[in-house]
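Data block below; observations after.
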Amino acid sequence: MDCWSPSLTVDEEFEKLVIRMNPPRVTVDNATSRKATLIKVDSANKRGSLLEVVQVLTDLDLIIRRAYISSDGEWFMDVFYVTDHHGNKLSEVDVAEKIQQQLGPRAYSSFRSLTRSVGVQAALKHTTIELTGRDRPGLLSEIFAVLTDLKCNVVASEVWTHNSRMASVVYITDEDTGTPIDNPERLTKIKQLLLYVLKGDRDKRSANTAVSLGSTHTERRLHQMMYADRDYDVNDADSGSTSERSKPLVTVENCADKGYTVVNLRCPDRPKLLFDTVCTLTDMQYVVYHATIIAEGPEACQEYYIRHMDGCPISSEAERQRVIHCLEAAIKRRASEGIRLELCSEDRVGLLSDVTRIFRENGLAVTRAEVTTRGSQAVNAFYVTDASGNPVKSETVEAVRKEIGLTILHVKDDAYSKSPPQESGKFSLGTLFKSRSEKFLYNLGLIKSCS
């Protein structure tokens, strides 16, 4: 007699059967629209279908200009108008083939697993570390200093900060062998030291570290981690950091005659905005039944008809406010505050520790970071402000560039302009944070002197 696996419910098994019998149909149409390529997806409906489709399109580096979504009932039907980053229609045949491979029948032949997703890091090549805690100037430098001291090589990493909180996913290998670290005692030591760094002496909430050898979709996990860390809680000190012009406008109202909650969102458009908002609605256990997305100019408009997983619309003012705050947080997490500095150089162990130490010593705070390794090259991007969250002075940026290397560290910011160096005083915030951070690292035994 056959038995059901205890890890799968009857509903999950039925869902798998339905999808095998009705695999998604993906149509790529370059003829209908003059300005965009149409991608049509029809499939049996299941929870998370919309997020999965948006995630694949986002990971393929496509810009979603317009979308019409309908998943009421048992069928899921979406139409996406997409372009490349230059606003052009998709002309390369392999792009269409990649979409078919990720969303078409072959991808679902064995109930498509997360590891097939374009943006997922391979599990067998590294160890994954997840960190959440209170953000502060110099924190990233301290994290990378600890990893370097423990003979860990950082292969890739992504760091987000929002509302005084920080979340990071870091992929490491052993410095000597280049293989994943799986020794339990060593992993425990890594976790303990990183947790000590994260807690510092000011973290009122619990900092958290987690280590695994499993696959993960980096940006998906960062949203989940920051949501779990409640970065959406209203912070009066943070509320004034976004100008009224760029502040997202989110409204949540019930449509009584249809039994839906209608969410409207308007904000400046940017890449991956749709992915960020759909991630958050999914994490909050809401199902999107219908949606219209328009992002063909500087502003994006999104309208969602949602219900909770139990089929009910939003029923309280507290829940309504929570949805508003969570969507605002989802938009701001990836907002690019500060000057973008791009570093491209030959990769080596300890590179990130050295670069972020120089940032710290010059009073720079990292608001977001993207760290990758391509072959033997380190390709990194850092968004930086001064220690108070204000724009960095050009003379400070140039001083940092000279110390790291003018040919390997470049400024990618249209608003940035060089100005003549100014005579600096004897005291600066950079000096203050340098001394505090170095004292912290000295206490950990990672530097010989904090003088």
Side-chain angles (χ1 to χ4, degrees), residues 135-145 147-148 154 156-162 166 168 241-243 246 270 334-374 376-441 446-447 449-451:
D135 187 33
R136 66 176 186 274
L139 176 59
L140 200 58
S141 170
E142 294 166 13
I143 289 171
F144 289 140
L147 291 173
T148 299
V154 178
S157 177
E158 188 146 354
V159 181
W160 289 0
T161 64
H162 174 245
M166 183 282 301
S168 178
S241 63
T242 304
S243 67
S246 60
R270 61 164 173 76
R334 205 196 291 267
S336 304
E337 293 188 10
I339 293 176
R340 179 182 170 98
L341 301 179
E342 294 184 357
L343 183 145
C344 184
S345 72
E346 192 73 17
D347 190 30
R348 62 174 173 79
V349 175
L351 175 65
L352 285 170
S353 177
D354 291 341
V355 169
T356 52
R357 173 184 54 79
I358 293 171
F359 288 169
R360 184 191 78 227
E361 290 173 347
N362 285 273
L364 301 187
V366 178
T367 62
R368 190 156 70 89
E370 301 165 1
V371 175
T372 57
T373 305
R374 299 174 187 169
S376 63
Q377 290 288 303
V379 182
N380 307 330
F382 304 93
Y383 292 86
V384 299
T385 66
D386 72 9
S388 301
N390 299 316
V392 183
K393 292 181 179 180
S394 58
E395 58 265 27
T396 303
V397 174
E398 291 308 306
V400 169
R401 291 187 63 221
K402 286 177 182 177
E403 190 167 354
I404 294 175
L406 292 173
T407 60
I408 65 175
L409 185 66
H410 301 278
V411 180
K412 298 293 182 179
D413 193 307
D414 295 336
Y416 175 79
S417 62
K418 297 180 184 178
S419 61
Q422 299 175 3
E423 192 69 29
S424 59
K426 294 183 178 180
F427 174 80
S428 69
L429 279 174
T431 305
L432 173 65
F433 286 115
K434 172 184 174 181
S435 61
R436 285 184 178 177
S437 196
E438 287 188 346
K439 183 177 180 181
F440 189 85
L441 293 173
L446 300 181
I447 60 175
S449 172
C450 61
S451 59

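Positions are given from 1, in the same order as the sequence printed here.
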Close side-chain approach of L341 to V411, heavy-atom, < 4.5 Å: yes

Test item: T372 side-chain N/O and V379 main-chain N/O as donor-acceptor pair under 3.5 Å: yes

Nearest-0.5 Å distance, NE2 of residue H162 to CD of residue E337: 8.0 Å

Check: S141 main-chain N/O paired with R357 side-chain donor or acceptor under 3.5 Å: no

Gap between atom OG of S345 and atom CG of N380 - 0.5 Å precision: 7.5 Å

4.5 Å side-chain heavy-atom contact, V392 and F359: no

Atom pair CG (L139) and OG1 (T161), whose distance is rounded to the nearest 0.5 Å: 10.0 Å

Side chains of T356 and R360 in contact at under 4.5 Å (non-hydrogen atoms): no

Donor-acceptor under 3.5 Å (S168 side chain, E158 main chain): yes

Residue pair V159, V366: steps toward the side chain to side chain contact (heavy atoms under 4.5 Å, CB included) verdict: CA-CA 9 Å; V159 181; V366 178; 5.6 Å; no

L343 CG to R401 CZ distance, which is reported to the nearest 0.5 Å: 11.0 Å

For the student: nearest non-hydrogen atoms of G389 and T385, plus distance: CA-OG1, 3.5 Å

Close side-chain approach of T396 to D386, heavy-atom, < 4.5 Å: no

Straight-line distance of I404 CD1 to L409 CG, nearest 0.5 Å: 4.5 Å

Least distance between heavy atoms, A145 atom then S353 atom: CA-OG, 3.5 Å

Heavy-atom side-chain contact between S376 and D347 under 4.5 Å: no

Step-by-step side chain to side chain contact (heavy atoms under 4.5 Å, CB included) determination, V355 to F382: CA-CA 10 Å; V355 169; F382 304 93; 4.2 Å; yes

Separation between CG of N362 and CD of E395, rounded to the nearest 0.5 Å: 11.0 Å

Side chains of W160 and R334 in contact at under 4.5 Å (non-hydrogen atoms): yes

E346 vs R348, salt bridge (charged side-chain N to carboxylate O under 4.0 Å, His left out): CA-CA, chis, key distance, verdict: CA-CA 7 Å; E346 192 73 17; R348 62 174 173 79; over 6 Å; no

